[in-house]
Amino acid sequence: MYDPTVARLTYRGLLGRRRALILGALPVLLIVISVAVRGFTGADDQVAADVLGGFALATMVPIIGVIAGTGAIGPEIDDGSVVYLLAKPVKRPTIIFTKLIVAVAVTMVFSAVPTLLAGLILNGNGQQVAVAYTVAALVASIAYAALFLLLGTITRHAVVFGLVYALVWEALFGTLVSGAKTLSVQQWSLAVAQKVSGGDLVTSDVSLTTGTVLLVAVTVAATWFAGQKLRTLTLAGEE
């Protein structure tokens, strides 16, 4: 289910100079904000939770997921080079799964690691805030990568739709509108983080069971649909 050659090409495409700069911009901004906040307010657990929840998890993680998930396959579909990949003796599910692994790894590195560092800067992991939000970023990275990888296979405007989802649904509706919170990857990951923290600073509007089930279900379903779409692209190319 994992092809090293496909993985290497995907990593090369995702971590090119231009895209790497884009991926690194938000993590650097998070660290700068954390240093500034720590300098002005000192070590404050509530402030740390607000920064990590409001910026890192609600904005940075989904945007990085958009860049990594759509970038893992979208450009190849747009420029037609996916035809050469599909012509190789590699099973279509293997291609999707390999690209998913790469997208997840890139999303985790550029989101979970900075989240942990920012948390340590903000309050030294007081009340497990840094670790809790890092875990949330890790599990959210998997679901976001799968969702945006699927989006990259079904539309040429995947980045635009992905950013709308990340900035409007997750950062706005997923935070403010009660009904939308149940259908938010952010809230599902917060349910896991709440269990890790064991306190009142990290909370979610869904239960741990619901959040975990939905994270798994969305990841599996998105990966499966992406594989089906890739089969359709193969047939279209052959025709």
Just distance, no hydrogens or angles: give the donor-acceptor pairs under 3.5 Å from side chains in residues 193-203, sequence neighbours left out.
| unit_1 | atom_1 | unit_2 | atom_2 | d |
| --- | --- | --- | --- | --- |
| Gln194 | OE1 | Ser204 | N | 3.3 |
| Ser197 | OG | Ala193 | O | 3.4 |
| Ser197 | OG | Gln194 | O | 3.1 |

- Is Val28 isolated, or which residues cluster with it under the ILVMFWY side-chain rule of less than 4.5 Å, directly or via members? Val32
- Item | Pairwise side-chain hydrogen bond (donor to acceptor under 3.5 Å, both in side chains) hits with a residue in residues 96-112, at least two apart | Thr10-Lys99, Glu76-Lys99, Ser111-Ser141
- Item | ILVMFWY cluster membership beyond Leu9 - transitive side-chain contacts under 4.5 angstrom | none
- Other ILVMFWY residues reachable from Leu116 by side-chain steps of under 4.5 Å: Leu120
- Item | Atom pair CD/CZ of Gln228 and Arg92 - distance to nearest 0.5 Å | 12.5 Å
- Message: Testing the basics here: between Pro27 and Leu23, what is the closest heavy-atom pair and its distance to 0.1 Å?
- Response: CD-O, 3.0 Å
- Message: Tell me every residue that passes side chain to side chain donor-acceptor pair (under 3.5 Å) with Gln128, counting only those two or more places apart in sequence or in another chain.
- Response: none
- Task: Looking only at non-hydrogen atoms, find the nearest pair between Ala7 and Tyr2 and report the distance.
- Result: CB-OH, 3.1 Å
- Item | Evaluation steps, side-chain contact (heavy atoms from CB on, under 4.5 Å), between Met108 and Ile142 | CA-CA 8 Å; Met108 285 182 172; Ile142 301 172; 3.6 Å; yes
- Name all residues meeting the salt bridge (charged side-chain N to carboxylate O under 4.0 Å, His left out) criterion together with Arg156; count only those two or more places apart in sequence or in a different chain, and write none if there are none. Asp78
- Item | Verify same cluster id: Val216, Phe148 (apolar side-chain graph, 4.5 Å) | no
- Task: State yes or no: do Leu230 and Val90 share one hydrophobic cluster built from I, L, V, M, F, W and Y residues joined by side-chain heavy-atom distances below 4.5 Å, directly or via other members?
- Result: yes
- Pairs involving residues 217-226, ordered by first then second residue, that meet side-chain hydrogen bond (donor to acceptor under 3.5 Å, both in side chains) (sequence neighbours left out): none
- Query: Apart from Val113 itself, which Ile, Leu, Val, Met, Phe, Trp or Tyr residues share its cluster (side-chain heavy atoms under 4.5 Å, direct or through members)?
  - Reply: Ile31, Val35, Leu117, Ile121
- Determine the minimum heavy-atom distance between Ser189 and Val139, stating which atoms define it. CB-CG2, 3.6 Å
- Task: State yes or no: do Ile96 and Val220 share one hydrophobic cluster built from I, L, V, M, F, W and Y residues joined by side-chain heavy-atom distances below 4.5 Å, directly or via other members?
- Result: no
- Message: Could you tell me if the side chain of Thr155 sits less than 4.5 Å from the side chain of Leu151, heavy atoms only?
- Response: yes
- Should Leu183 and Val213 be counted in the same cluster of Ile, Leu, Val, Met, Phe, Trp and Tyr side chains packed under 4.5 Å apart? no
- Message: Could you tell me if the side chain of Leu214 sits less than 4.5 Å from the side chain of Val206, heavy atoms only?
- Response: no
- Query: Under 4.5 Å between any side-chain heavy atoms of Val218 and Trp188, yes or no?
  - Reply: yes
- Note on the structure: Note: Leu149 and Ala72 closest approach over all heavy atoms is CD1-CB, 4.0 Å
- Side chain proximity check, Val104 to Tyr144, heavy atoms < 4.5 angstrom: no
- Among all residues two or more places apart in sequence or in another chain, which pass the side chain to side chain donor-acceptor pair (under 3.5 Å) test with Tyr133? none
- Message: Can you tell me how far apart CD1 (Ile154) and CZ (Phe225) are? Round to the nearest 0.5 Å.
- Response: 10.0 Å
- Task: For Ala158 and Thr70, work out which heavy atoms get closest and say how close.
- Result: CB-CG2, 3.6 Å
- Message: Working to the nearest 0.5 angstrom, can you tell me the gap between Leu122 CG and Thr41 OG1?
- Response: 7.5 Å
- Item | Leu208 and Val192, any side-chain heavy atoms less than 4.5 Å apart | yes
- Item | Point-to-point distance, once rounded to the nearest 0.5 Å, from CD1 of Ile95 to CE of Met1 | 11.0 Å
- Return yes if some donor-acceptor pair links the side-chain N/O of Thr153 with the main-chain N/O of Leu150 below 3.5 Å, else return no. yes
- Item | Pairs meeting criterion side-chain hydrogen bond (donor to acceptor under 3.5 Å, both in side chains) with involvement of residues 157-167, two or more places apart | Tyr165-Glu170
Distance-only criterion, 3.5 Å: show the donor-acceptor pairs between side-chain atoms of residues 46-67 and protein atoms not counting sequence neighbours.
| unit_1 | atom_1 | unit_2 | atom_2 | d |
| --- | --- | --- | --- | --- |
| Gln46 | NE2 | Asp50 | OD1 | 3.0 |

- Item | Gln187 side chain vs Asp205 backbone, donor-acceptor pair below 3.5 Å | yes
- Between Ala130 and Asn125, the two heavy atoms sitting closest are N-OD1, 3.1 Å
